[in-house]
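To start, the structure under review is shown below, and the notes come after it.
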Protein chains: 2
Amino acid sequence: MPKVDDVDVMLLALLQQDATRSYASLGAAVGLSAGAAHDRVRKLRERGVIRGTRVDVEPAAVGRGVLAFVMVESTSWMGDSAEAFAAVPEIQEAHVIAGSASVLVKVRTATTEQLQDVLRRLYAIDGVSGTQATVVLETFFERPLLPSPEGDAEPA
Amino acid sequence: MPKVDDVDVMLLALLQQDATRSYASLGAAVGLSAGAAHDRVRKLRERGVIRGTRVDVEPAAVGRGVLAFVMVESTSWMGDSAEAFAAVPEIQEAHVIAGSASVLVKVRTATTEQLQDVLRRLYAIDGVSGTQATVVLETFFERPLLPSPEGDAEPA
DNA sequence: GTTGAAATACGAAGGCC
DNA sequence: GGCCTTCGTATTTCAAC
């Protein structure tokens with residue numbers, strides 16, 4: 001199984017910024033033909049490096065303007081509780097963490113009342129002994145993993 | 001300025017799952033022609049409801065296998081420090097929060113050594129008085145805002 | 001990895017409800 | 001105003017080199 005090389009990383013960075021670009025312009029940016037660029041991207045998809053292509057939706061526009069992070073404390077091992085958290089649709093992310101709390105979840109709701117209701121449903125999960133919610137006042141930024149390619153890929 | 005209606009939400013949900021779908025199949029899923037679906041999606045982009053289209057990259061494949069959340073405490077107002085956080089490329093998200101800490105950041109690095117280096121750079125930001133890092137042991141899930149359409153959109 | 005050709009999808013225009 | 005159909009064009013996708 002081949003590794004991700006520099007050209008692959010460049011393609012990934014470009015596609016993280018805008019996945020609607022044509023393979024022709026993609027190839028031109030990294031010094032490849034459209035066919036070769038297409039082939040590389042196809043292989044990145046097959047290998048699971050690219051997990052999918054999705055639109056980025058403004059949360060407030062779909063009634064999810066309130067963002068909060070919740071530390072979920074528990075009395076028992078939570079490693080098998082993924083589905084219990086997934087059953088709460090307002091939870092966008094759930095991570096098992098090292099530290100005093102067991103699980104950290106990222107929650108988006110329309111209102112703080114709905115946030116409170118999510119906390120209630122979190123308490124209802126087996127083993128959950130407490131929650132500590134932190135409401136976000138302002139999001140500085142949310143961005144892709146790879147840095148945007150500022151200089152072009154192909155110097156003379 | 002028109003609101004986002006039910007059909008729009010369905011389109012957004014489908015495009016959050018897979019933005020490579022054709023407008024024809026998209027339209028079929030919501031009971032519209034390809035042209036009408038295309039028109040709606042174009043307007044959603046124009047209005048900023050769709051902020052962009054991006055590929056979802058497996059972090060471990062690009063040397064970002066370590067995930068941590070860091071609470072950044074400060075002695076002064078951090079509301080104007082967005083660029084200072086943005087200058088650290090390993091920071092994927094930065095949010096101003098209510099509570100004892102001032103800023104919550106999501107960090108992805110290759111190793112815990114690099115995570116330590118990020119903490120060092122956070123301390124170097126003006127006004128930062130302390131950090132509290134929480135390392136993620138396992139990610140249960142990270143998913144789009146809108147629930148996946150399970151039943152089809154067009155019952156007989 | 002490149003080139004070239006066929007199938008497909010995009011994106012715009014015009015008419016209809 | 002929103003939706004449908006049609007058309008020209010660009011893009012994808014696959015073949016052979």
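In the text below, chain A, chain B and the rest are named by the order of the sequence lines, each starting its count at 1. Hydrogens, waters and symmetry mates play no part in the numbers below; they use all other heavy atoms, side chains included. Remember, predicted model here, so these are calculated numbers, not experimental data.
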Which pair of non-hydrogen atoms, one from B:M71 and one from A:T134, has the smallest distance, and what is that distance?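 It is CE-OG1, 4.1 Å.
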Interatomic distance, CG@A:L137 vs NE2@B:H95, rounded to 0.5 Å, equals 11.5 Å
[X] side chain, from C-beta outward: closest of [options]:
| X | options | answer |
| --- | --- | --- |
| A:Y23 | D:dT13, C:dT2, D:dC3 | D:dT13 |
| A:S33 | C:dC10, D:dG2, C:dT3 | C:dT3 |
| B:K43 | D:dG2, C:dG1, C:dG11 | D:dG2 |

[X] [atom1] to [N] [atom2]: how many Å, rounded?
| X | N | atom1 | atom2 | answer |
| --- | --- | --- | --- | --- |
| B:D8 | D:dG1 | CG | P | 16 Å |
| A:L26 | C:dG1 | CG | C1' | 15 Å |
| A:D39 | D:dC14 | CG | P | 10 Å |
| A:R21 | D:dA10 | CZ | C1' | 16 Å |
| B:L32 | D:dT5 | CG | P | 11 Å |

At less than 4.0 Å, is any side-chain N or O atom of B:R40 found next to OP1 or OP2 of D:dC3? Yes or no. yes
Presence of B:H38 side-chain N/O under 4.0 Å of C:dC10 phosphate oxygens OP1/OP2: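 No, B:H38 has no side-chain N/O under 4.0 Å of OP1/OP2 on C:dC10.
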For B:S22, which contact category applies under a 4.0 Å heavy-atom criterion: base, sugar-phosphate, or nothing?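 Sugar-phosphate: the residue B:S22, judged by heavy atoms under 4.0 Å, touches backbone atoms but no base.
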Looking for any heavy atom pair under 4.0 Å, which part of the strands does A:R42 touch: base, sugar-phosphate only, or nothing? nothing
Hey, are A:D18 and B:R54 close enough for a salt bridge, meaning a charged N less than 4.0 Å from a carboxylate O? no
Is A:F69 reachable from A:V103 through a run of hydrophobic residues whose side-chain heavy atoms are each under 4.5 Å from the next?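 Hydrophobic grouping puts A:V103 apart from A:F69.
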